[in-house]
Each structure stands twice: as C-alpha cells, then as structure tokens.
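Structure, as structure tokens:
Computed from a predicted model, the values in this text were never measured in an experiment. Excluded from the calculations below are hydrogen atoms, water molecules and symmetry mates; all remaining heavy atoms, backbone and side chain alike, are included.
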Amino acid sequence: MIEFVRNVRLWFAPQEVREEGRTPDYRFSLANERTFLAWLRTALALIGGGFAVDQFLPGLRWAWRVGLALALLGSGVLCSLRAVNHWVRCERAMRRGEDLPASRFPAVLSLAIAVVAVAMVVVVLLGWAG
C-alpha cells in the first residue's frame with residue numbers, strides 16, 4: 001500500500017521519476033507512453049459505452065440499463081487510474097534496470113467486459129423492455 005501511495009504522488013511529479021536510476025533508451029520511454037495512451041483510449045471507450053447504454057437504451061428495464069452503464073463507467077474509471085499507475089511503475093523499473101511489473105489488470109478488465117457483453121447479449125435476445 002505504501003508503494004501505491006508513493007506512485008500516486010509520482011503521478012503529479014514526473015520529474016521525481018527522472019531522478020531515479022539511469023535514463024533508459026528514449027524509445028522505451030516513448031513506448032511506455034504510447035501504452036499509457038492506449039489504456040486511456042480504452043478507458044474513454046468504456047466511459048462512452050456506459051453513457052451510450054444509459055442514453056440510447058431507454059426501453060431497457062431501469063435496473064439493467066443502470067447496472068450495465070455503471071459497470072462500463074466503473075471499468076473506464078479503473079482503467080484510467082490503472083493506466084497512470086502502470087506508466088509510473090514501468091518508467092521507474094526501466095530507470096532502475098529492473099524487470100517490468102507484471103499485472104493481472106488486463107485479464108480482470110477483459111473478464112469484466114466479457115461479463116457486461118454477455119449480459120447485453122442476454123438483454124438483446126430476451127428483449128427485456130422496461
């Protein structure tokens with residue numbers, strides 16, 4: 001938990017990350033940044049999907065519509081927070097010459113999206129109107 005708190009502080013002070021270890025090949029730092037931006041695009045798509053479910057499926061039962069929308073919105077929030085945390089962790093590892101941090105988050109996010117997708121398929125097939 002202490003490490004996470006330190007990483008949160010580093011989200012807003014990237015110059016402190018530069019003080020650790022040695023500067024890696026700039027291509028690795030740029031690749032890390034591109035990965036970060038890809039995670040942010042994924043987060044924006046999830047958030048947009050959550051709003052779309054809420055706004056464009058008014059005929060869907062309220063509980064289903066809100067549940068699916070909140071699942072997508074929550075996934076988007078978690079994805080955006082995880083993106084910046086992973087960027088800091090990877091940048092620090094590269095500067096220290098350590099292995100890049102492993103993460104279960106892609107698998108967890110994939111499962112969450114799969115559950116939402118299956119729920120949406122069930123809703124579409126059964127035509128649950130409000």
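Judged as a salt bridge (charged side-chain N to carboxylate O under 4.0 Å, His left out), not a single pair has a partner in residues 29-45 (not counting sequence neighbours). Among residues at least two apart or in separate chains, ring pair (Phe, Tyr, Trp, His ring centres under 6.0 Å) pairs with a member in residues 95-119 are Trp39-Phe105.
Partners of Arg89 according to the salt bridge (charged side-chain N to carboxylate O under 4.0 Å, His left out) rule, which considers only residues two or more places apart in sequence or in another chain, do not exist here. With sequence neighbours left out, Arg104 forms a salt bridge (charged side-chain N to carboxylate O under 4.0 Å, His left out) with no residue at all. Legend: residues meeting salt bridge (charged side-chain N to carboxylate O under 4.0 Å, His left out) with Asp99, ordered by chain and number and at least two apart, are absent. Scored by the salt bridge (charged side-chain N to carboxylate O under 4.0 Å, His left out) test, Arg96 finds Glu20, Glu98 as partners (sequence neighbours excluded).
If you chain together hydrophobic residues whose side chains sit under 4.5 Å apart, Ile47 and Val115 never meet in one group. Connection of Leu46 to Leu44 is not established within any shared hydrophobic cluster, with ILVMFWY side chains joined at heavy-atom distances below 4.5 Å, either directly or through further cluster members.
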Side-chain donor/acceptor pairs under 3.5 Å, residues 48-60, sequence neighbours excluded:
| residue | atom | partner | partner atom | Å |
| --- | --- | --- | --- | --- |
| Asp54 | OD1 | Arg65 | NE | 3.2 |

Tell me which donor-acceptor pairs under 3.5 Å the side chains of residues 67-82 have, and how far apart each pair is, sequence neighbours excluded?
| residue | atom | partner | partner atom | Å |
| --- | --- | --- | --- | --- |
| Ser75 | OG | Ala71 | O | 2.9 |
| Ser80 | OG | Gly76 | O | 3.4 |
| Ser80 | OG | Val77 | O | 2.8 |
| Arg82 | NH2 | Ser103 | OG | 2.7 |

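In this structure, NE2 on His86 lies 7.0 Å from OG1 on Thr35, to the nearest 0.5 angstrom. Taking CG of Leu40 as the reference point, atom CH2 of Trp87 lies at 11.5 Å (rounded to 0.5 Å).
With a 4.5 Å cut-off between side-chain heavy atoms of Ile, Leu, Val, Met, Phe, Trp and Tyr, the cluster of Leu111 takes in none. Side-chain heavy-atom separations under 4.5 angstrom define the hydrophobic clusters, and the remaining members of the one that includes Leu125 are Val121. Side-chain contacts under 4.5 Å among hydrophobic residues (ILVMFWY), followed directly or transitively, place Leu100 together with Phe28, Met94. In the hydrophobic clustering, where aliphatic and aromatic side chains (Ile, Leu, Val, Met, Phe, Trp, Tyr) are joined below 4.5 Å either directly or transitively, Tyr26 groups with Leu30.
The two atoms that bring Trp64 and Val123 nearest to each other are CE3-CG2, 3.5 Å, heavy atoms only.
Inter-residue side-chain proximity for Arg92 and Pro101 is flagged as unmet; no heavy-atom pair is nearer than 4.5 Å.
Between Glu19 and Arg95 there is no salt bridge, since no side-chain N of the basic residue sits under 4.0 Å from a carboxylate O of the acidic one.
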